[in-house]
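See structure below.
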Amino acid sequence: MPILKNIALLATPRTGARQGDLLQIKGAAIVWERDKITWIGPERELPTGLNMAEVFDAHGALLIPGLIDCHTHLAFGGWRAEEFAQRNAGRTYLEIAQQGGGIMSTVRATRDASFDTLLSLCCARIQAMSHLGVTTIEAKSGYGLSVADEIKILEVYAAARSRTALTVVSTFLGAHTIPGEYHNNRAGYLELVIEQMIPEVARRGLASFCDCFVEMGAYSVEEARTILTAARTFGLELKLHVDQLSDGMGGKLAADLKAISADHLEHVSDTSIAAMARADVVGVILPIATLYTHEQPLDARRLIAKGVSVAVATDFNPGTAPSYHLPFAMLLACSMNRMSPLEVLDGATRMAARALKLGGVRGTLEVGKQADFALIDAPSIEQWLYHFVPNACLATIKDGSLVYGRI
Ligand SMILES: [Zn+2]
């Protein structure tokens, strides 16, 4: 069984601990068999009698659990660089959307893109993310907004799953916005989502989660409740985009619906935070989106103080978060959202796994968990996130196999 020695520091969240209370072992080693971790600890305590045929040298690097990006919009056609300039010049997200830009411009480009084009884009993006230490990715539909185009995106994710080593968790987001052809017929589009899309997605096992964008210009609380309640009857778990541009009591809605996560949350109210804590809804913060939309950053301390688990993700999408660089999002979570580097590592591993209902198998370095980990060229978590370099990841191991770099 493979053994990785000479790890200067192994840092991992642990099951049941409070956020940021990591296990840190100096001079560590890790042992795994096929895809599962079988031993971790100080190298000097390595059990005797291990087969030393497969010993690898970490050369004094930092070992962390594989990073988990629990919120992306991975499959899309085109980019929206012109909106970046417009927003920086003062136009708002809503103004841009009302003039045909925003999500609908990406919907047009994604509908025009072939299955093969989207698949090769996704595989290239997944591979690039693996080079940053990412081992699990959540990927949403939501740029199709017709039965055929939503299914196309989810089938792209299914194909990407079989062609790449990383875990890809699919989320159906047919309720991303109301497509242009239904602008005078909201009820008609809701009916399409509930009566056709959700049953088809569920019947074909194309998604684990159903998501809904609750915001002015997207879906109301009541519409989201109707859509997500229907999704639950088909066995889908729930996620929500909420309280990003205004407080819509979305965090409370997520708690009422017993959603797994409530994502964005820049404007979340204290009432919603209390409800999320009671219902154990993971709060997913997306600081790259906050940066690009010029929203006031969420003070994550408000959530952590009330006992809400906080995950950190990229929100990778062509409009408001055009970067899949999860360590960049982690840096921003420290500086913009007031989280400690240790809380942030927890947020991009254990808490992100919880936000995908994978907490029992991924997200920490513990015996019995999947052997997903990354070697980082830094002496500590603090130094890694503070001294930001384009890529500090030296190697990525996924389910026990090397998928990037060298060990
Ligand atoms: Zn999003």
Side-chain angles (χ1 to χ4, degrees), residues 68-76 79-80 83-84 87 93-94 96-97 101-107 110 122 125 129 134 136-145 150 153-154 157 168-178 207-219 224 227-228 237-246 248 250-251 253-254 259-268 281-295 297-298 310-326 328-329 332-333 337 347-348 352 355-356:
I68 296 175
D69 195 341
C70 67
H71 183 138
T72 84
H73 303 253
L74 193 66
F76 56 84
W79 291 95
R80 280 153 48 196
E83 292 178 19
F84 174 58
R87 271 201 313 275
Y93 183 91
L94 275 178
I96 291 169
I103 293 170
M104 276 315 294
S105 71
T106 298
V107 169
T110 307
C122 277
R125 290 165 185 167
M129 293 161 92
V134 174
T136 296
I137 299 164
E138 185 257 17
K140 301 177 195 294
S141 67
Y143 291 127
L145 307 187
E150 284 294 300
I153 294 169
L154 293 171
Y157 293 148
V168 178
V169 177
S170 297
T171 294
F172 167 64
L173 179 59
H176 198 185
T177 189
I178 301 280
S208 307
F209 291 90
C210 182
D211 196 341
C212 181
F213 185 19
V214 183
E215 193 64 64
M216 255 176 332
Y219 290 83
I227 291 164
L228 294 174
E237 297 284 356
L238 310 182
K239 290 178 162 292
L240 291 97
H241 283 65
V242 292
D243 303 333
Q244 180 187 12
L245 308 173
S246 58
L253 172 67
I260 302 298
S261 75
D263 302 29
H264 280 298
L265 301 168
E266 280 89 335
H267 295 270
V268 69
V281 178
V282 178
V284 180
I285 62 166
L286 305 163
I288 297 177
T290 309
L291 182 74
Y292 278 78
T293 55
H294 309 288
E295 289 298 314
L298 168 69
V310 177
V312 179
T314 61
D315 194 19
F316 176 50
N317 76 77
T320 56
S323 172
Y324 48 67
H325 202 302
L326 184 53
F328 176 53
L332 296 179
N337 303 108
L356 299 179

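Counting convention: from 1, in listed order, for ligands and their atoms alike. All figures in this text were calculated on a predicted structure; none of them were measured in a lab. What's counted below: heavy atoms across the whole structure, side chains too, no hydrogens, waters or symmetry copies.
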Report the residues that fulfil side chain to side chain contact (heavy atoms under 4.5 Å, CB included) with P318, sequence neighbours left out, ordered by chain and then residue number. F76, W79, R80, T106, Y143

If you apply the rule salt bridge (Lys or Arg N to Asp or Glu O under 4.0 Å), what do you find for E138 with K140, and how did you get there? CA-CA 7 Å; E138 185 257 17; K140 301 177 195 294; 2.8 Å; yes

Distance (rounded to the nearest 0.5 Å) between L286 CG and N317 CG: 9.5 Å

N/O/S of D315 less than 2.8 Å from the Zn ion (ligand 1)? yes

Minimum-distance N/O/S atom that H73 presents toward the Zn ion (ligand 1): NE2

Out of E266, E215, H267, which one pairs with S246 under the side-chain hydrogen bond (donor to acceptor under 3.5 Å, both in side chains) rule? E215

Specify whether an N/O/S atom of H241 falls short of 2.8 Å from the Zn ion (ligand 1). yes

